[in-house]
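What follows is a single structure, written as structure tokens, with notes after it.
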Amino acid sequence: MLYSFTLRFLTLAIMWIGLGVLRTENMVDSQFFWQAAVFSLLVLAGALIEFFLGYDGDKSLLPVVQTILAIGLVFLIRIKPSLAEDQFVWANIGLMIYYFILYGLKDYRKLEEYQYLWGLGALILLLVTLFFGVTIRGATSSLKFGQFGFQPEELVKVALLLFMASYLDNNRELLRTGTIQVGRFSLPDKRTLGPFLFIGVFVLGLLAAQKSLGTALVFFLLMVFIIYMVTERLLYLFISIPVITLTGALGYFLFGHVRVRVATWLNPWADSVGGFQIAQSIFAISGGRLLGTGLGNGIGAYQIPHADTDFIFSVIAEEIGFGGAMAVISLFIIVVMRAFAISVRAVDRFGQILAAGIGILIGVETLIILAGVTKMLPLTGLPLPWMSYGGSSMVVHFFLLGVLANISHSSSFSISRISIGKRAGVLE
Amino acid sequence: MNGIRKIAMMLVFSFVFLSMGLVYWQVVNADTMLDNPANRRAVFLEKRITRGGIYDRNGVVLAQTKQNESGKVRQYPHGEMFQPLLGYATVQYGCSGLEATQAENLLGINDPSILRKLQNTFELERQGNDVVLTLDSRLQEVAYQGLKGKRGAVVVLNPRNGEVLALVSQPSFDANEIEKDWELIMNKEGSPLLNHAFSQFPPGSIMKVVTSAALFRAGLDTTDLYNCQGSTVINGQTILEQNEKVHGWVNYDLALAYSCNTYFAEHGIKAGEKSFLRALSAFGFGQKIPFDLYVPISSISEETPVPKTLNLNLFAASTFGQGQVMISPFHIALITAGIANEGEIMVPHLIDRVLDSKQNIIYESKPEVWLTPLDKYEAEKVKSGMILAVDKGTASPGALPGVRIAAKTGSAEPGGSQNTHAWYIAFAPAEDPQIAVAVLVEHGGTGGGAAAPIARAVIEKALEIKEGEK
């Protein structure tokens with residue numbers, strides 16, 4: 001109780017201090033104080049709900065995400081106030097979804113039963129986007145309903161994750177040992193691997209067709225890591241290396257914009273148009289130095305295109321410096337590690353795979369976008385979870401967080417029951 | 001599951017690797033990135049630094065920052081007269097010209113004093129340094145009025161110490177309006193944002209003063225007479241005089257005065273490739289010009305600025321400034337100043353001194369020799385040819401009563417059927433040079449017709465100023 005409220009107050013303190021700093025620089029309207037107040041109330045109400053309904057899961061998971069969220073909100077107000085208004089609404093909706101999943105989802109194991117529905121759902125969502133989607137910045141990844149834009153690939157993340165977790169849970173042994181011997185390696189047979197490969201290749205192919213290559217890369221790494229995690233066979237990791245090299249090369253020769261991405265990655269200074277955003281991102285980040293220029297004092301917020309989505313981290317790194325950027329990265333590491341901790345403690349294998357899968361997904365997404373804005377990898381447009389502007393991403397990541405909390409909650413419940421049983425001598 | 005731990009380790013390792021990236025940019029490379037010209041941080045720093053002023057040599061304000069109700073405004077009282085030399089400094093469009101290259105001085109961010117370091121750390125409001133230029137706004141005015149409405153450049157130097165006294169480029173723009181009229185200025189004909197004094201053009205007959213050095217060095221007798229017949233054929237290529245004029249019997253002095261193409265082609269080739277290429281290097285071809293602004297490297301060949309060997313046809317054309325010779329008006333002015341200064345080209349400079357906010361001098365320029373392409377005796381020979389050019393040659397439209405002027409004209413073919421570029425170089429008084437001028441009027445026709453009057457006006461004004469100072 002004390003722990004969970006302390007963390008909540010710390011989170012809110014970060015947000016209000018940020019707002020206060022922006023206020024002294026006349027960079028925030030008074031309406032944001034109302035929105036921030038609503039958000040704060042919701043955060044505290046959440047803590048109360050946990051208190052009254054009982055929550056035995058991981059105590060740090062949500063507060064850490066809320067801190068990430070609060071920092072993101074402050075920076076969005078600083079970068080583009082008009083978008084921050086929406087983002088507060090999405091943050092509130094996200095929190096509600098989290099609690100809805102935490103307490104509404106009675107038994108996450110039920111999710112396993114719809115294995116092929118998830119796979120099919122992922123495919124349908126992507127096909128619909130491919131045919132009816134709107135092309136934004138070269139990628140066909142949005143659906144528009146009037147003014148309301150929606151990114152189905154975010155939902156595909158959930159569907160695909162659920163499909164993989166269920167599928168791997170069911171076929172773990174076969175994938176692990178294999179039935180067909182090829183030289184020194186024993187490989188799983190067609191029937192075991194077939195559906196998985198089919199859906200995997202199809203999803204990645206569709207994403208490539210939509211030209212959302214960043215998301216395709218996330219999915220690919222997610223699949224490889226999850227399979228490796230479940231089977232513990234290095235074979236699967238090694239197979240992925242030629243596959244990704246070949247796909248990368250194919251993409252390079254097939255798509256003009258991939259070539260541009262690679263060229264601007266190698267030399268962003270030469271091209272004032274294509275390399276502009278990476279160069280400006282690097283200027284912003286390097287200008288931050290150790291302690292930053294101070295909130296509201298950077299140039300990145302004005303200079304970098306899409307500072308509100310893909311490049312929000314560059315603005316953060318500039319204005320609160322290396323220290324602040326490392327703090328944000330640490331928060332993400334904590335979230336990912338908590339997910340793995342939950343996975344290790346989960347009582348059933350499906351829960352284990354799902355929790356670790358969520359951890360991998362969040363980790364991989366964060367790494368790819370952050371490596372992109374720091375010029376360590378070619379840039380791929382991806383939102384930074386809970387920070388970048390965008391409703392779809394916010395909702396989906398809070399959904400996944402809710403699932404994590406649910407797994408954590410139910411497993412600790414089971415564990416405590418088991419230990420009580422042990423103590424009572426009922427169970428051995 | 002063991003796999004979870006391994007994956008967790010991999011992800012943590014990746015995050016650590018990512019933080020190395022941050023260390024690389026934010027700690028190791030923070031300063032390098034600040035020097036990148038596309039980085040607008042320096043301009044942005046002005047939120048709390050008042051950019052220093054830019055002044056001419058007599059203290060006339062060329063650019064200053066004034067505080068008004070809506071904030072700081074950068075003002076350029078002379079409109080387009082000093083542009084694009086001064087340049088602009090905006091958050092939106094970055095910066096250019098001196099405002100860009102002198103940003104560190106104007107913002108006072110290169111000052112290593114402890115006080116400045118403290119001010120930087122605590123981000124205090126402060127005043128940048130003032131930059132005093134060697135320009136004389138009276139000469140700039142005359143040069144500007146002469147060139148206004150045309151395309152081209154005027155560069156005026158003090159041959160004795162390398163001071164840039166005036167530097168005009170046309171068309172130009174008004175930096176006061178840059179943010180408002182950006183699109184208009186960008187799309188205006190004739191590249192107003194580009195400094196034409198630092199752009200390259202074929203020099204035409206101006207090149208003959210460089211070729212002269214090759215003749216002298218090869219030991220050719222310049223008193224020998226040569227019969228100009230209006231054209232000559234070298235290696236199958238016909239070389240014509242301008243307007244196919246026949247100059248008859250000429251020696252070196254007359255050939256320079258009449259701007260005889262065939263004389264310089266024949267004698268240049270006689271002097272040999274080695275002497276010619278050596279003369280080019282001695283005058284600064286293929287070398288970076290040490291200056292406060294970027295000046296492109298002059299070249300005589302499209303492949304390399306100064307190649308090891310020359311094809312004979314290109315060699316012949318180069319001797320009188322055609323072929324592939326490309327040089328900026330600024331470099332031409334330096335060559336002129338070199339002849340005026342007894343064969344020594346001084347390092348050109350535009351910044352006279354830099355003063356901090358308390359008017360202490362923190363930088364002061366000193367005259368230095370850059371190159372010595374000619375010895376005193378050789379410089380004297382070129383000079384006598386140039387004097388003859390004013391007295392009875394092509395440069396006579398530049399003559400002034402009571403002053404002896406040394407000058408040379410050029411009419412360079414830009415290629416195609418376009419009108420020739422009009423060049424004119426001059427220095428005066430010939431016996432004790434105080435001023436060296438180079439004028440280029442793009443597509444202006446002949447040097448004597450289009451460019452000489454501008455140079456004459458500048459020289460007249462300069463000598464008048466000199467007279468007033470006595």
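The chains referred to below are lettered A, B, ... by the order of the sequence lines, with proteins before strands, and numbering in each begins at 1.
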Please report the interatomic distance [atom1]([X]) to [atom2]([Y]), rounded to the nearest 0.5 Å.
X      : Y      : atom1 : atom2 : value
B:K6   : A:L234 : NZ    : CG    : 6.5 Å
A:M376 : B:Y24  : CE    : OH    : 10.5 Å
B:F13  : A:L367 : CZ    : CG    : 11.5 Å
B:L22  : A:I285 : CG    : CD1   : 6.5 Å
A:M326 : B:F15  : CE    : CZ    : 10.0 Å
A:S314 : B:W25  : OG    : CH2   : 11.5 Å

Practice problem: Flag yes if more than 12 heavy atoms outside B:F17 fall under 6.0 Å of its CZ atom; otherwise flag no. | Solution: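 Not buried by this count: 12 neighbours or fewer within 6.0 Å.
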Quiz prompt | Side-chain donor/acceptor of B:Q26 to backbone N/O of A:A317, under 3.5 Å | solution =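 Side chain of B:Q26 to backbone of A:A317: a pair is present.
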Quiz prompt | Part of B:V28 within contact of chain A (heavy atom distance under 4.5 Å) | solution =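 Nothing of B:V28, per the 4.5 Å heavy-atom cut-off to chain A.
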Practice problem: Would you name the heavy atoms of A:G359 and B:L11 that are closest together and state the gap between them? | Solution: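 Closest approach of A:G359 to B:L11, heavy atoms only: O-CD1, 4.4 Å.
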Quiz item: Of the non-hydrogen atoms in A:S343 and B:I4, which two are nearest, and what is the gap between them?
Solution: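 Looking at all heavy atoms of both residues, the shortest contact is OG-CD1, 2.8 Å.
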Practice problem: Please tell me if the side chains of A:F340 and B:R5 come closer than 4.5 Å, counting only heavy atoms from C-beta onward. | Solution: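 A side-chain contact under 4.5 Å is absent here.
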Quiz item: Is there side-chain contact between B:N29 and A:S286, with at least one heavy-atom pair below 4.5 Å?
Solution: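 SC-SC contact between B:N29 and A:S286 ruled out.
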Quiz prompt | For chain B, the option from A:I333, A:L291, A:I282 that forms the most heavy-atom pairs under 4.5 Å | solution =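 Maximum pair count with chain B is reached by A:I282.
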